[in-house]
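Here is the structure we will look at, set down as structure tokens.
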Amino acid sequence: MIAIRFHGRGGQGAAISSYILAEAIFRDGYEVQAFPMFGVERRGAPVASFIRMDNKPIYVRCEVYEPDYVVVLDPTLIQAVDVTSGKKPGGFIMVNTDQPVEEIGIKGDFTTIPFDGTKIALEYHLGTKVAPIVNTVMMGAFAKSFGKINIDNLLFAIKDNLPRKIADRNAEATKKAYDLAPKIE
Amino acid sequence: MKKVVTGNHAVSFASKIARAQVVAAYPITPQTQVVERISKFVADGEMDAIFIKVESEHSALAAAIGASAAGARAFTATSSQGLALMHEMMHWCSYARCPVVIANINRALGPPWSIWTEQNDSLAQRDTGWIQYYCESNQDVLDSIIQAFKVSERVLVPSMVVLDSFFLSHTSEPVDFPDQDKVDEFLPPYKGEWVIDPDNPHTFGGLTGPDKYYELHYMLQQAHKDAEQVMDEVHKEYEKLFGRKYGRIEPFMADDAEVLLVVSGTPASTAKQAVIDARDEGFALGSVKIRVFRPFPRELVKEVCRGKKAVAVVDRNYSFGNQGIFFTEVRDAIYDLEPRVPVYSYITGLGGRDITAEDLVNIGKAAEKKECDNPTWWGVKL
């Protein structure tokens, strides 16, 4: 069983990311479960979403306390919430930031991957200039570094879940992020 | 075909695939997405139904009853305070023998306001004469709604299909969508025998004295009794057509278990992992899900509990001034087992408090050691 946690802020699409990623993971042939943080979402407030994937049926239906992988959509969250909480040793935490790894300020027995998703989101006009939406871009980057998600399935899931007028742009940006992100062995 | 959907959308799709003809609903967290999707189906012409926007849940069920009484297949969905507001109509629906199906998302009642799961909303409707199903997965939700229409229309008793707030309503996972043709074969159009027809007028639900009312309730109870056999037949037919096996209760590694967890809703799914984990440690735990709570599967519960060292009933609900509600029902059903089987009550997960596999293993271990205050409020922080 692999558990993934996304951190974002209300309105940044953390919940929809988990649904899209779940569809991609399912198309890759895994059992999968995806859910947002259970509660009331307010725009700008810290939120989280979760994914479980496995080769076997997934029976547990409780919250995820010990993620194998973490994705942080907004670097300002690192001051607000403990994004390393319960993080299992190994795997990685991927952070959307234009800063080098030593500036991110999280430590632990895992790899920290900085990835500038905002730059790509702006380039593809995802969201607005002041509030770019980075969720699909970060999924693309995550898929590459994670290595278990087929990019074509991810692009399919994006087009399947997003409104038509923004789907293509999101898919192109996601592909670019996938190409640029590091592969982690 | 399998699709990844939330529990809420599994409800919407089920009502569409079951060809509900009238849907009257009022939105409430966490059920809102159910109604949104159904109204979209109807607006887009994908679902041949009348969608009635109503001003309250009381009206939602009243409209569904009216539609059912006129011979239509009627559906609604609600949660918590919304279900509480339907209460008067709940009695009306079953006593009028209208085979309406409701999806209820379990949500704790306020105050203080809560949107998280708990079973007290649906269990407060226990004595209204409805059939109740409790689901553990989105597949279970979809299949139970389709089955519920068939059972309800056969015995003329309405059904409530219950799913947990967030743990199912907002969780997406793969669900196998049955082919429409096969569902049509399984669930032909509803033909009510006693429907409102202006060309053939009858009186429905008029004043009835003590000489007749009593017998009508006896007949409703007989219908519940009949429902047990109908469900067993329906489950067999469903398995044959769609390849998925269902029961009124669903045991998991129960045969050789020494200690048995009795569970319902999503904890029934988590309990399977608890059982696997316990077996890895050499602890002979098993579990049984009560899928159908009304009619209560007394005989099945009794048989599955026979010979166990201990039975631990896990209740995400409470009857204030007494005990956990499933506990009371289970202990009553197994009261005359010989030799006696000790049964213990664990309250947990109220207001959406998480129930982990570890909690359930530990509850099993506590029951084995007879550590229980009947009830024990598991993990209560005082």
Side-chain angles (χ1 to χ4, degrees), chain A residues 1 3-6 10 13-42 47-66 86 139 149 153-154 156-164, chain B residues 1-9 29-30 33 107 113-117 135-140 163-176 252-253 263 265-277 287 289 316 348-349 351-361:
Chain A
M1 170 106 69
I4 308 159
R5 183 172 67 211
F6 284 83
I16 182 90
S17 322
S18 70
Y19 292 154
I20 290 173
L21 208 53
E23 186 173 334
I25 290 167
F26 163 68
R27 295 182 71 84
D28 284 333
Y30 293 96
E31 294 291 333
V32 65
Q33 215 185 61
F35 48 92
M37 184 178 82
F38 299 155
V40 274
E41 188 173 299
R42 286 169 297 129
V47 296
S49 63
F50 308 89
I51 287 184
R52 286 191 177 99
M53 62 184 279
D54 207 339
N55 296 314
K56 314 188 287 273
I58 300 169
Y59 293 131
V60 280
R61 292 179 185 280
C62 51
E63 297 184 26
V64 167
Y65 297 100
E66 297 185 339
M139 278 192 283
I149 298 168
N153 286 335
L154 179 58
F156 180 94
I158 286 172
K159 289 182 183 172
D160 199 30
N161 281 278
L162 294 184
R164 209 172 299 160
Chain B
M1 190 182 61
K2 273 193 178 183
K3 287 186 204 167
V4 178
V5 294
T6 60
N8 276 339
H9 287 163
T29 301
Q33 295 162 340
R107 164 185 158 181
W113 282 112
S114 171
I115 52 174
W116 294 273
T117 197
C135 301
E136 67 168 300
S137 68
N138 294 349
Q139 186 73 61
D140 195 359
L163 55 150
D164 294 4
S165 171
F166 294 115
F167 292 106
L168 290 184
S169 68
H170 286 65
T171 295
S172 65
E173 60 182 0
V175 172
D176 192 6
F252 184 78
M253 298 174 81
V263 273
T266 51
S269 180
T270 306
K272 291 177 183 166
Q273 190 60 49
V275 167
I276 292 167
D277 294 347
S287 71
K289 170 172 87 162
R316 191 175 239 160
T348 179
R353 180 78 61 87
D354 212 7
I355 303 174
T356 65
E358 195 183 355
D359 284 327
L360 294 170
V361 173

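Below, chains carry the letters A, B, ... as their sequence lines are ordered, and counting in each starts from 1. Note that the coordinates shown come from a computational prediction; the quantities given were computed from them, not determined experimentally. Basis for what follows: all heavy atoms, side chains included, without hydrogens, waters or symmetry-related copies.
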When only pairs under 4.5 Å are counted, which of B:S169, B:P174, B:S137, B:A357 shares the most heavy-atom pairs with chain A?
-> B:P174
By ring-ring contact (aromatic ring centres under 6.0 Å, His included) - contacts of A:F50 (at least two apart) | A:F35
Is the backbone of B:E136 close enough, under 3.5 Å, to the side chain of A:R61 for a donor and an acceptor to pair up by distance?
-> yes
Side chain, backbone, both or neither: which part of B:T6 has a heavy atom under 4.5 Å from chain A?
-> side chain
What's the spacing between B:S172 OG and A:F26 CZ if we round to 0.5 Å?
-> 11.5 Å
Output all residues satisfying salt bridge (Lys or Arg N to Asp or Glu O under 4.0 Å) with A:R5, sequence neighbours left out; order by chain, then residue number.
-> none
Atom CD of B:E173 and atom CZ of A:R52: how far apart are they, to the nearest 0.5 Å?
-> 11.0 Å
Please flag which part of B:I115 lies under 4.5 Å from any non-hydrogen atom of chain A: side chain, backbone, both or neither.
-> side chain
So do the side chains of A:Y59 and B:I276 get within less than 4.5 Å of each other, counting heavy atoms only?
-> yes
Is chain A contacted by the side chain of B:L360, its backbone, both, or neither, given a heavy-atom distance below 4.5 Å?
-> neither
Quick one: pull up OH in A:Y65 and CG in B:D354 and give me the separation to the nearest 0.5 Å.
-> 3.5 Å
With chain B, the option among A:A22, A:P36, A:A34 that has the most non-hydrogen atom pairs under 4.5 Å is A:A34
Top contributor to chain A contacts, counting heavy-atom pairs under 4.5 Å, from B:D164, B:D359, B:T356 | B:T356
Answer yes or no: is there a donor N or O on one side and an acceptor on the other, between the side chain of B:S269 and the main chain of A:V60, under 3.5 Å?
-> no
Side chain to side chain contact (heavy atoms under 4.5 Å, CB included) between A:Y19 and B:H170, intermediate numbers included = CA-CA 10 Å; A:Y19 292 154; B:H170 286 65; 4.0 Å; yes
Around A:E63, counting heavy atoms of other residues, nucleotides and ligands shown, do more than 12 lie under 6.0 Å from its CD?
-> yes
